[in-house]
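Have a look at the structure below before the remarks.
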Amino acid sequence: MGEQPIFSTRAHVFQIDPNTKKNWVPTSKHAVTVSYFFDSTRNVYRIISLDGSKAIINSTITPNMTFTKTSQKFGQWADSRANTVYGLGFSCESHLVKFADKFAEFKEAARLAKEKSQEKTELTSTPSQESAPADLQSPLTSESVNGTDDERLATDANQHADTRVEPSQNALPFSHSSSNINKHWEAELAALKGNNAKLTAALLESTANVKQWKQQLAAYQEEAERLHKRVTELECVSGQTTGIKTQKTELNRTIEELEAALRGKEEELERLKAEVESANEFRFQKDSLLQRLEDTEARNQTLEAQLSDLEQRLESIQLERETYRKNLRSLLELLDGKIFELTELRDTLVKLIEAS
């Protein structure tokens, strides 16, 4: 289509509510690319923005448009052709200022292009005798055509009409001399032949451009239908705004309750983690104590075995001591008997000695 992007930025796109004409309705969920395009075929500037494959801005800049900065990061302009007001929210003030400067620059360029086109149209509709052959072709070039096919054909018809009328008007000053009239008509005939050739070439060029303009028109119609559908969807959505706000409030309340419950669960989880750590410490202490208990029981069994052995040895020693005591008693008794016998023997010997 001969369009080239000449400046791009990113912004949040809004449109005025078609019902209230006061509230802004967002047409993009996030920041999208907004670009200035120049159509070299039609010599116009356009602002275009796409959200995926959907066109959310398609605005042709005209000299009577005005871009207004309503805040440090927000600006707007009205598009009478689209019957809406567009709004852009930028991330910083510098982006807004740059976009506004470009808008003013391209608006001025559009004004100059329109004035130039009007001047060429006026020159074509009232050509002078000297400039008529050279100026007839200029309004038919692709750079100066901004209208529809019907307007282009009407312009060609006006040029043919002007060309046909011009000889009679220019012949009046030479009506007093037949030789001058013949020369003038010959010159006019040559000029008409040249103009006819130029008009034929322009007509062929116009015919070649008709298909392209028809394709552009079909694309614009399709885009307009898509925008109308979008407007209908937005109107349906605006009717559900109250219900959506209520649902949003309920969802926010539910989210707050869930966040509070989540904080409680997190605190309980931290407490359980502390308890698990304490339980792990207690388990470790329990395992240590069980190991020490097992060691103690093993030592106790060893000591019990030693004690049993000592008891057996003690019983054996006690038995040996009892036997030794018995033996000593027997010896003592035997010794006492021997002593008694020796005492009796002594007494007998003493008596014997005394008797002798």
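Taking Lys54 as the reference, Ile56, Arg230 meet the side-chain contact (heavy atoms from CB on, under 4.5 Å) condition, with sequence neighbours excluded. Under the side-chain contact (heavy atoms from CB on, under 4.5 Å) criterion, Glu267 pairs with no residue at all, not counting sequence neighbours. Evaluation of the side chain to side chain donor-acceptor pair (under 3.5 Å) rule for Arg299 yields no partner, not counting sequence neighbours. With sequence neighbours excluded, the residues forming a side-chain contact (heavy atoms from CB on, under 4.5 Å) with Gln15 are Thr27, Thr84, Tyr86, listed by chain and number. With sequence neighbours excluded, the residues forming a side chain to side chain donor-acceptor pair (under 3.5 Å) with Arg283 are Asn280, listed by chain and number. Asn83 pairs by the side chain to side chain donor-acceptor pair (under 3.5 Å) definition with nothing, not counting sequence neighbours. Under the side chain to side chain donor-acceptor pair (under 3.5 Å) criterion, Arg226 pairs with no residue, sequence neighbours left out. Not counting sequence neighbours, Glu266 has no partner by the salt bridge (charged side-chain N to carboxylate O under 4.0 Å, His left out) test. The salt bridge (charged side-chain N to carboxylate O under 4.0 Å, His left out) test applied to Glu93 returns no partner, not counting sequence neighbours. With sequence neighbours left out, Glu105 forms a side-chain contact (heavy atoms from CB on, under 4.5 Å) with Lys102. Arg111 is linked by a salt bridge (charged side-chain N to carboxylate O under 4.0 Å, His left out) to Glu108, Glu115, counting only residues two or more places apart in sequence or in another chain.
No side-chain heavy atom of Val32 sits under 4.5 Å from any side-chain heavy atom of Leu50. Side-chain contact between Ile57 and Leu88: present, with at least one pair of heavy atoms (C-beta onward) separated by less than 4.5 Å. The shortest distance between side-chain heavy atoms of Ile47 and Phe103 falls below 4.5 Å. Between Val34 and Val13 the shortest side-chain heavy-atom distance falls below 4.5 Å. Proximity of Leu289 to Arg292: side-chain heavy atoms (C-beta onward) are separated by under 4.5 Å at one or more points. Side-chain contact between Leu269 and Lys273: present, with at least one pair of heavy atoms (C-beta onward) separated by less than 4.5 Å. For the pair Glu320 and Thr323, the minimum side-chain heavy-atom distance is 4.5 Å or more. Contact annotation: the side chain of Ile16 never approaches that of Val25 to less than 4.5 Å [non-hydrogen atoms, C-beta and beyond].
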Checklist entry - Leu258 and Thr254: side-chain contact (heavy atoms from CB on, under 4.5 Å), yes or no, with the steps? => result CA-CA 6 Å; Leu258 290 175; Thr254 304; 4.0 Å; yes
Next on the checklist: Could you go through Arg346 and Val350, starting from their C-alpha distance and side-chain angles, then the distance that decides it, and tell me whether this counts as side-chain contact (heavy atoms from CB on, under 4.5 Å)?
Outcome noted: CA-CA 6 Å; Arg346 179 178 177 278; Val350 170; 4.3 Å; yes
Checklist entry - When you look at Thr60 and Arg46, which way does the side-chain hydrogen bond (donor to acceptor under 3.5 Å, both in side chains) test go after all the steps? => result CA-CA 4 Å; Thr60 301; Arg46 292 201 300 164; 4.9 Å; no
Next on the checklist: Using side-chain contact (heavy atoms from CB on, under 4.5 Å), reason through His12 and Phe14 one step at a time and then give a plain yes or no.
Outcome noted: CA-CA 7 Å; His12 292 270; Phe14 300 85; 3.8 Å; yes
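With values rounded to the nearest 0.5 angstrom, Asp309 atom CG is found 10.5 Å from Ser316 atom OG. Between Asp17 atom CG and Asn19 atom CG the span is 5.0 Å, to the nearest 0.5 Å. Taken from CZ in Arg81 to CE in Met65, the straight-line distance is 7.0 Å, to the nearest 0.5 Å. Distance CG/Asp347 to OG1/Thr343: 6.5 Å, rounded to 0.5 Å. Annotation: the span from Phe7 atom CZ to Tyr45 atom OH amounts to 14.5 Å, rounded to 0.5 Å. In this structure, the separation between CD on Gln312 and CG on Leu310 is 9.5 Å, given to the nearest 0.5 Å.
For the pair Thr33 (side chain) and Arg10 (backbone), a donor-acceptor distance under 3.5 Å is absent. With hydrogens and angles disregarded, a donor-acceptor distance shorter than 3.5 Å links the side chain of Thr348 to the backbone of Glu344. Ser308 places no side-chain N or O within 3.5 Å of a backbone atom of Glu304 that could act as its donor or acceptor partner.
Minimum heavy-atom separation, Ser8 to Ser35: OG-OG, 2.7 Å. Across Gly75 and Leu96, no two heavy atoms sit closer than the pair N-CD1, 4.0 Å. Pairing each heavy atom of Asp51 with each of Ser28, the nearest pair is OD2-CA, 3.9 Å. Across Trp24 and Gly87, no two heavy atoms sit closer than the pair CZ3-N, 3.6 Å.
Side-chain rings of Tyr36 and Phe99 approach one another, their centers coming within less than 6.0 Å.
By the 6.0 Å contact criterion, CZ on Arg271 is enclosed, its count of non-hydrogen atoms from other residues, nucleotides or ligands being greater than 12. The environment of NZ in Lys21 is crowded: more than 12 heavy-atom neighbours from other residues, nucleotides or ligands sit within 6.0 Å.
Each side chain to side chain donor-acceptor pair (under 3.5 Å) pair with one or both residues in residues 69-79, not counting sequence neighbours, appears once here: Ser59-Trp77, Ser59-Asp79.
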